[in-house]
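Here is the structure we will look at.
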There are 2 protein chains.
Amino acid sequence: MVTNSKQTQILDIAEAIVRSRGYNAFSYSDIASEIGVSKASLHHHFPTKSDLGLKLVERFTDMFSGALQQVDEQHSSCLIKLREYARLHEGSLQENKMCLCGMLAAEHETLSQSMQDAINGYFDGHEHWIKRVLLKGRSDGELAFKGDAGRHAKLIASSLQGALMIAKSKRSMDHITAVSSQLIDSYRAI
Amino acid sequence: MVTNSKQTQILDIAEAIVRSRGYNAFSYSDIASEIGVSKASLHHHFPTKSDLGLKLVERFTDMFSGALQQVDEQHSSCLIKLREYARLHEGSLQENKMCLCGMLAAEHETLSQSMQDAINGYFDGHEHWIKRVLLKGRSDGELAFKGDAGRHAKLIASSLQGALMIAKSKRSMDHITAVSSQLIDSYRAI
DNA sequence: GTCTATAGGTGGATAGAC
DNA sequence: GTCTATCCACCTATAGAC
């Protein structure tokens, strides 16, 4: 895939704004003034705001999938995989940004059906990945937890999304690192 | 405090809209059409949107404090207190609504300073309450967890906020109940 | 692909009559 | 306290020239 530089530039700026202020608080005008083109030009690349929003979600989902694949390739330890998963969220807050899909989940009811579906798909993918890591880690004796792995996966994904939201609101790296490291500690065997 | 019925009515409707669609996706016009008054009348009661928003947060914080106080009075078991805390969040989703302050935390950067401060105060209060319950529960031998109670309090508050957000997005009571009950299981002694 | 111009709508907020 | 009328800024989106 060749990265059309103009579209990429638009998506980059749009993503940054949405992740810090939300979908309903951003406009084509914000992007236009930031990259120095007219609003009409933006409509040439993304006819409607919903088109742009959907691309944002798809690109973010792909990006995160790639990151998780890299984690899978670079680490065999499931404890470390889990820690890397948490760190991906911590990194988000260093730029004072939420997870794109976490932000959009809050605004879910105001979005187009296609965006809603894509967002839910994002979370399903996360739960699936975490569940797989948990099961493998437990059978390896590296992770310890009681009960259904799927429920734990939901808990882990939810914790990090909630932690990001609260930490961003408090502008507190301390909050996200506390939650992140406490979470890992809770699943470490021994 | 006598409840001025008109202001209460306005706040009730505003809260319902914000908790389902968010602060930036709601307008005086939405409230006006729902209760059958003009926008100008609303401005008489709440001069600016930010005034209205601040009252919403203050009222919600008071309401939740009252609920927690009731939990403290009605239950001596810290395990049950914790479960009741989680249930307060589950109840929210039954009307397909987020926690007011969770929703506003996502939109935090777009809000007035006074609203931002009030929202952060809400979360501080929660962490404080949970931490106290955790410490008492552990010393009673009813709850079990390793490490700092403050970090666990942050984890618990974050989990439920995140679970609400994802569950609402998926319209899945299953998601919030899974997280809620898994969370309680994790802190139960034995 | 980019622009100017503009349409058509809605946002929060105010003036002033009743 | 409530209304109508109105202001002005901003929104998403389109038309049509270059």
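Here is the naming used below: chain letters follow the sequence lines, and residue numbers restart at 1 for every chain.
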Assign B/S38 to base, sugar-phosphate, or nothing according to its heavy-atom contacts below 4.0 angstrom with the strands shown.
-> base

At under 4.0 Å between heavy atoms, what does B/K39 touch on the DNA or RNA strands: base, sugar-phosphate, or nothing?
-> base

Report the residue (A/P47 or B/V37) whose heavy-atom-nearest nucleotide on DNA chain D is the more 5′ of the two.
-> B/V37

Given C/dT10, is OP1 or OP2 found less than 4.0 Å from the side-chain N or O atoms of B/S29?
-> no

Whole angstrom is fine here: how far is it from [atom1] in [X] over to [atom2] in [N]?
{"X": "B/Q7", "N": "D/dG1", "atom1": "CD", "atom2": "C1'", "result": "11 Å"}
{"X": "B/I31", "N": "C/dG11", "atom1": "CD1", "atom2": "C1'", "result": "13 Å"}
{"X": "A/N24", "N": "C/dG11", "atom1": "CG", "atom2": "C1'", "result": "13 Å"}
{"X": "A/F46", "N": "C/dG1", "atom1": "CZ", "atom2": "C1'", "result": "14 Å"}
{"X": "A/D51", "N": "D/dA13", "atom1": "CG", "atom2": "C1'", "result": "12 Å"}
{"X": "B/H43", "N": "C/dG12", "atom1": "NE2", "atom2": "P", "result": "7 Å"}
{"X": "A/H44", "N": "D/dA15", "atom1": "NE2", "atom2": "P", "result": "15 Å"}
{"X": "A/L52", "N": "D/dC11", "atom1": "CG", "atom2": "C1'", "result": "15 Å"}

Would you mind telling me which of D/dT4, D/dT12, D/dT2 lies closest to the side-chain atoms of A/S27?
-> D/dT12

Closest to the B/A40 side chain: D/dT12, C/dA15, C/dA5?
-> C/dA15

Cationic N near anionic O, under 4.0 Å, B/K97 to A/E109 | no

Taking 4.0 angstrom as the limit, do B/E84 and B/R87 come out as a salt bridge?
-> yes

Relative to A/Y23, does A/K49 satisfy both conditions: NZ or CZ under 6.0 angstrom from the six-membered ring centre, and within 45 degrees of the ring's axis?
-> yes

Near-ring test B/H126/B/F64, centroid separation under 6.0 angstrom = yes

Spell out, as yes or no, whether a donor-acceptor pair under 3.5 Å connects the side chain of A/Q182 to the backbone of B/R151.
-> no

